[in-house]
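By convention in this document, chain letters (A, B, ...) are assigned in the order of the sequence lines, proteins followed by strands, and residues within each chain are numbered from 1.
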Protein chains: 2
Amino acid sequence: MKELYLEKSAQALAVLQELDVDLWVLLGRETGDICDPALRLVLPINVMGTSAFLFSRTGRQVAIVRAQDVAGVEATGIFPEVVGYPEDWGALVRQVIEEIAPRQIALNYDLDDPLLDGVTYGMVKRLELALEGSVYRDRIVSGRDVVKAVRGRKTTAEIALMQTNVAFVHRFCGEVTPRLLPGVTERQVFDWCRTYMAQHSLTGSWDEHACPLVHAGIRAKHGMVTPGDNPIQPGDAFHLSWGVRQNGYAIDCQRTWYVPNPEDWQDGICIVPDEVQNAFDTIVNSIDAARAAMRPGIAGWEIDKIARDSVMAAGYPNYARGSGHTVGRALHDGGIALAPKGIRYGAMTELPLDAGFVSTLELFLNTSRGVVAVEEMVQVTPDGGVFLAPAQRELWIAGGDR
Amino acid sequence: MKELYLEKSAQALAVLQELDVDLWVLLGRETGDICDPALRLVLPINVMGTSAFLFSRTGRQVAIVRAQDVAGVEATGIFPEVVGYPEDWGALVRQVIEEIAPRQIALNYDLDDPLLDGVTYGMVKRLELALEGSVYRDRIVSGRDVVKAVRGRKTTAEIALMQTNVAFVHRFCGEVTPRLLPGVTERQVFDWCRTYMAQHSLTGSWDEHACPLVHAGIRAKHGMVTPGDNPIQPGDAFHLSWGVRQNGYAIDCQRTWYVPNPEDWQDGICIVPDEVQNAFDTIVNSIDAARAAMRPGIAGWEIDKIARDSVMAAGYPNYARGSGHTVGRALHDGGIALAPKGIRYGAMTELPLDAGFVSTLELFLNTSRGVVAVEEMVQVTPDGGVFLAPAQRELWIAGGDR
């Protein structure tokens with residue numbers, strides 16, 4: 001994994017040159033208890049003392065940590081310069097910043113985006129205090145664009161880790177299909193998933209008590225809660241929303257099955273009710289339209305609009321949720337949001353996609369037989385988005401073929 | 001575990017009355033990725049959307065969360081009021097704050113203490129923006145005293161969880177003593193501890209790669225690094241620094257053994273070299289002196305001074321580290337620090353101890369045979385500190401009795 005961190009560090013230095021930002025500073029202390037998510041991209045361990053991690057446009061990369069943390073940070077081999085202080089963090093930080101003499105000091109704060117907003121209020125005040133009376137005191141700016149790029153642009157190694165995770169979920173979906181029989185409860189499927197995760201050393205992409213979400217038919221309860229005793233019934237749409245995490249990377253996936261009635265089978269073919277089939281086809285078409293448009297430079301709200309318009313053109317109502325979110329170290333990896341302009345996501349919907357970003361496309365339609373939903377992960381390329389892994393192109397038949 | 005969270009919530013409401021603070025607000029979003037450590041005291045799950053958790057002096061306790069998070073927060077049963085918003089978090093927060101009409105809005109930020117500094121810079125700005133133009137905009141204050149009290153004053157249930165953890169470490173120390181024989185390496189002892197933790201579903205109180213720290217004799221390398229191939233040798237002081245975590249609570253413990261030479265045994269009694277025995281006795285005496293003084297109202301620096309003076313009176317040099325730290329949900333649980341006044345811990349050394357606080361007392365002496373160190377956990381009571389679990393009162397003999 002060391003290579004991954006070196007790769008992300010090199011990327012950070014290159015991004016500073018590209019954006020013409022002189023200095024990016026990550027701050028933290030007791031990072032085992034509260035940590036800037038951006039620090040997780042460039043440091044594989046925790047630090048206890050008050051620390052600053054500096055990346056300069058000219059290629060300097062310095063860790064300023066308490067004396068007791070020096071050996072641990074050095075042992076990672078990520079930071080070429082590791083400087084320890086016995087008492088006065090502020091004086092040492094000021095000294096190094098004066099050496100670098102930056103025009104801007106980018107700190108990780110943002111109003112709209114949780115993943116870009118990693119610095120605590122007290123640590124900003126600490127840095128301001130350390131720089132009091134110097135010209136650098138007023139050069140603190142938001143590092144949003146830096147984090148957005150470093151976090152968002154996935155390296156080949158990052159994509160590979162995520163693909164490994166998707167493979168686990170896809171394999172499970174194949175194996176579970178024959179077991180999705182009438183009478184099986186949402187909770188049983190949840191338990192099968194939990195066992196599978198334990199067997200393969202996976203954790204959930206979100207809180208374990210609600211990962212995965214399992215919805216059988218119109219009776220299913222929605223929200224971030226543990227699936228209940230609702231049994232699968234013939235005629236249901238059956239929906240699984242699941243993400244797993246391994247080696248620090250998360251994925252997000254939704255799949256839908258149809259649970260046939262005996263009379264749905266004709267000559268060995270399951271005839272899915274129109275309502276369910278139309279919803280599924282609408283989703284697949286919408287995903288395809290949005291995916292094709294996912295090129296660098298386009299804004300999140302534009303992709304959302306393509307997906308949304310496609311759904312509405314097929315006769316479905318507008319929907320309150322967005323159409324996708326980035327994914328990576330975090331389930332909701334920030335930077336951009338595929339959602340309508342507005343107060344909820346703020347600037348995140350108006351920022352452009354970069355090459356290498358990975359975003360979900362997720363569409364969710366209510367039918368009288370339950371939710372039909374599909375979620376795919378797509379990587380942005382100059383030629384449009386590419387699926388990270390095979391997409392669901394057909395509605396699956398619960399119980400499998402006859 | 002629900003009772004624990006209800007207990008901490010009730011404690012928070014009582015603390016607001018005691019401190020005459022009208023409103024305490026915890027802010028967060030995507031708390032699975034970055035979370036105010038104080039929120040972990042009162043909410044057992046993560047939320048995704050921008051959220052505010054309000055505790056008022058008059059007993060109101062409200063969660064303001066995005067619509068999708070409502071079901072999950074309600075299911076915990078901790079917050080009597082859970083209010084969802086579809087789009088505009090700020091407007092709803094402002095409305096509830098105007099209803100409460102607080103004289104102060106305590107937010108979790110602090111310059112000195114990582115555990116009290118849980119709010120991100122962007123979220124403070126979000127709240128300020130939501131309150132723009134109202135009188136409440138300028139009533140934001142540091143919630144340091146609130147967090148210090150709620151976090152620091154351990155309930156009976158919290159103490160019991162920590163004692164369970166200590167019991168695991170103590171049992172291991174007893175079992176491992178006969179196996180601490182010359183030739184066994186630091187890394188082997190580390191691996192035994194890791195296996196034991198896996199067997200008992202424990203995680204480390206700090207980063208797994210360096211938990212526990214194991215030091216055999218003067219050759220040991222120090223710092224937060226993985227123990228190496230250094231073998232135990234006769235005549236060594238052998239030092240284990242270990243903490244384990246379960247059910248959300250951490251503990252911290254240090255123990256020292258002497259590794260006898262054959263000639264150290266006289267009539268079935270191991271005669272420990274004076275240098276090692278004196279160091280150990282000095283530490284025990286110092287811990288006892290400091291512990292006895294740990295009453296509500298005394299400041300951290302005063303306890304540190306008692307420990308430090310006791311060590312120096314025995315002829316040892318002054319030391320750079322502090323003499324103890326609080327422990328609880330976090331390994332370094334904040335609020336106060338048992339350390340000298342100065343820039344490193346800032347106000348934390350000058351704040352008074354409260355009844356119910358749990359702090360380590362840890363003393364560490366270098367000898368020509370390696371480090372001798374003991375760390376105990378002590379709960380503050382009106383009659384002085386009490387050990388959370390049996391303390392090490394004798395130097396242990398590696399390999400066990402003859």
Side chain / backbone / both / neither for [X] at chain A, heavy atoms under 4.5 Å:
| X | result |
| --- | --- |
| B/Met123 | both |
| B/Asp113 | backbone |
| B/Arg66 | side chain |
| B/Leu115 | side chain |
| B/Leu129 | side chain |
| B/Tyr345 | side chain |
| B/Val119 | both |

request  = Nearest 0.5 Å please: distance from the CD1 atom of B/Ile34 over to the OG1 atom of A/Thr120.
outcome  =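 Separation between the atoms: 8.0 Å.
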remark   = d(A/His325 NE2, B/Glu30 CD) to nearest 0.5 Å is 9.0 Å
If you count heavy-atom pairs under 4.5 Å between each of [options] and chain A, which one has the most?
| options | answer |
| --- | --- |
| B/Asp112, B/Asp69, B/Asp36 | B/Asp112 |
| B/Ile343, B/Val225, B/Asn108, B/Val73 | B/Ile343 |
| B/Arg40, B/Lys125, B/Arg126 | B/Arg126 |

key: Pairwise side-chain contact, A/Met224 with B/Ile45, heavy-atom cut-off 4.5 Å (strictly under)   =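 Not touching, per the 4.5 Å side-chain cut-off.
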ask   = Backbone N or O of A/Glu87 within a donor-acceptor pair of the B/Arg344 side chain at under 3.5 Å?
value = no
A/Asp33 side-chain N/O to B/Ala330 backbone N/O, donor-acceptor pair under 3.5 Å = no
query = Parallel, tilted or perpendicular for B/Tyr121 and A/Tyr121, by the 30°/60° rule?
reply = parallel
query = Using a cut-off of under 4.5 Å for heavy-atom pairs, which of A/Ala320, A/Gly342, A/Pro114, A/Gly118 has the most such pairs with chain B?
reply =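 Most pairs with chain B among the choices: A/Pro114.
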request  = With chain A as the partner chain, list the residues of residues 201-213 of chain B whose heavy atoms fall under 4.5 Å from it, by residue number, and write 'none' if nothing qualifies.
outcome  =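 Hits under 4.5 Å: B/Trp206, B/Asp207, B/His209.
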inquiry  = Tell me the closest heavy-atom pair linking A/Ala71 and B/Gly223, and the distance in Å.
reply    = CB-CA, 4.1 Å
remark   = Of all heavy-atom pairs linking B/Asp110 and A/Arg29, the shortest is O-NH2, 2.9 Å
